[in-house]
Amino acid sequence: MAIEYLVEEVTNNHTNVTKPMIIKDIAKIGEGAFGTVTQAQLRNATASEDQWLGPFAIKKVPAQTEYKSRELEILRQTSHPNVVSLKYFFNYPNPEDRNKLYQHLVMESLPCTLQTEIKRYHSSNLILHESHIQVYSFQIARAMNYLHSFGICHRDIKPSNILIDPDTLVLKICDFGSAKKLEYNQPSVSYICSRYYRAPELIVGCSLYTTQIDIWGLGCVIAEMFIGKPVFQGQDPMLQLREISKLLGPPDKEFIYESNPSYNGPMYSHRLYTSKVSTRFQKTFSHASPVAVDLLMSVLVYRPQDRLRPPAILAHDFFKPLRSPDFQVISRTTNSRVNVHNMLYNFSDYELRVLGGAAKEILVDGS
Ligand SMILES: Nc1ncnc2c1ncn2[C@@H]1O[C@H](COP(=O)(O)OP(=O)(O)OP(=O)(O)O)[C@@H](O)[C@H]1O
């Protein structure tokens, strides 16, 4: 591929300085519903030395739609080790249609997504080791603790929107194309989020939802790491609720009414199983430890108010082993031991303030 082009106005997200830069597209690394993601390098067009920066990941989406500029706005506001960072941004025409401007978001690049990692294990009839699931889930919850503190709801949590580096086990949430800062009592569209990861309140048409819809997505992602495939695979939007009811039991009328008083779709109120919910969780997640099952049962809960929130998730006993400064995991790629404690626990003062009383439990190594 390696196509080079000059862009007169490229803004550095960190310094806010706009300069001409040369962009070298290397390879396509992703394709989404709205645009493409390519691996690319950048260099200052005015500097004499030929020093390429990167590689980065450049996401190209049609510019000037209100929907997509939210992604830029949110990426500009955020700075967190578990949220993909924006390095530069610019508008540039589409080579196939010179009249159409594309917004280019130049982000740090990570080697793979959690989706490819889960699939790699699943295709060898393996599942991720529980220690890896702990490390990845902790980082997603930490990103949510940060984002939700500003009211930012990602609204499309799924394994393909979670980037990882399997050497270091670093994880970063990406794709803020659906994200929105939710305001108290302000309605938002309920037709967001990919079907398998949609919270039950969205399925029944709730428009006053909260950032707790992301927590449902987190539960689905943790579940998928344990079983190697999406836990709720509905064949259509309504059958999605039926899949959920197979594990959680039928949703009660109060939940439906609280979510959307004018809902008139199927209620799935018949019990599909006689066994207890806890038995079904244990059976579904037969490879998970009891403490992991307990976390899943506290997150995959119908009522959003009853789902654990990020501070309580980070303080959950599932993550207890990570609190030891000696906690190590074996990297799949390098086969060497990696000490991940420091990268997991480098909480900023802001994050600690947000965690409030839970910070003590999260930080204290009781081993
Ligand atoms: N910073 C990055 N580093 C490496 N790969 C990335 C990065 N950002 C995105 N990708 C890859 O590109 C894919 C699509 O990116 P993204 O989800 O942001 O685009 P999208 O158009 O919103 O896609 P979708 O419609 O699937 O949600 C990701 O699943 C991932 O494989």
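- At a threshold of 4.0 Å, the pair Glu201-Arg307 counts as salt-bridged, since one of the basic side-chain nitrogens sits closer than that to a carboxylate oxygen.
- Using a 4.5 Å heavy-atom threshold, the side chains of Lys172 and Val83 count as separate.
- Residues Tyr92 and Tyr5 place their aromatic rings such that the two centres sit under 6.0 Å apart.
- Side-chain contact, Gln139 with Asn82: a donor N or O sits under 3.5 Å from an acceptor N or O.
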Legend entry - Steps toward ring pair (Phe, Tyr, Trp, His ring centres under 6.0 Å) verdict (Phe176, His154): CA-CA 6 Å; Phe176 286 76; His154 184 279; 5.0 Å; yes

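- By the 30° and 60° cut-offs, the orientation of the rings of Tyr146 relative to Tyr350 is perpendicular.
- With Trp216 contributing its side chain and Arg198 its backbone, the two residues share a donor-acceptor pair below 3.5 Å.
- Classification of the Tyr302-Phe255 ring pair by plane angle, with boundaries at 30° and 60°, yields tilted.
- In this structure, a donor-acceptor pair under 3.5 Å is absent between the side chains of Thr11 and Asn13.
- Ring-plane geometry between Phe56 and Tyr88 is classed as perpendicular, the angle between the planes exceeding 60 degrees on a 0 to 90 degree scale with a lower cut at 30.
- The ring of His341 has its center no closer than 6.0 angstrom to the ring center of Phe327.
- Between Ile173 and the options Leu163, Asp214, Ile140, Asn161, a side-chain contact (heavy atoms from CB on, under 4.5 Å) holds for only Ile140.
- Side-chain contact annotation: Glu224 with Tyr197, donor-acceptor N/O pair under 3.5 Å present.
- No side-chain heavy atom of Lys59 sits less than 4.5 Å from a side-chain heavy atom of His104.
- Cation-pi contact between Arg142 and Phe347: present, with separation from the ring centre below 6.0 Å and deviation from the ring axis of at most 45°.
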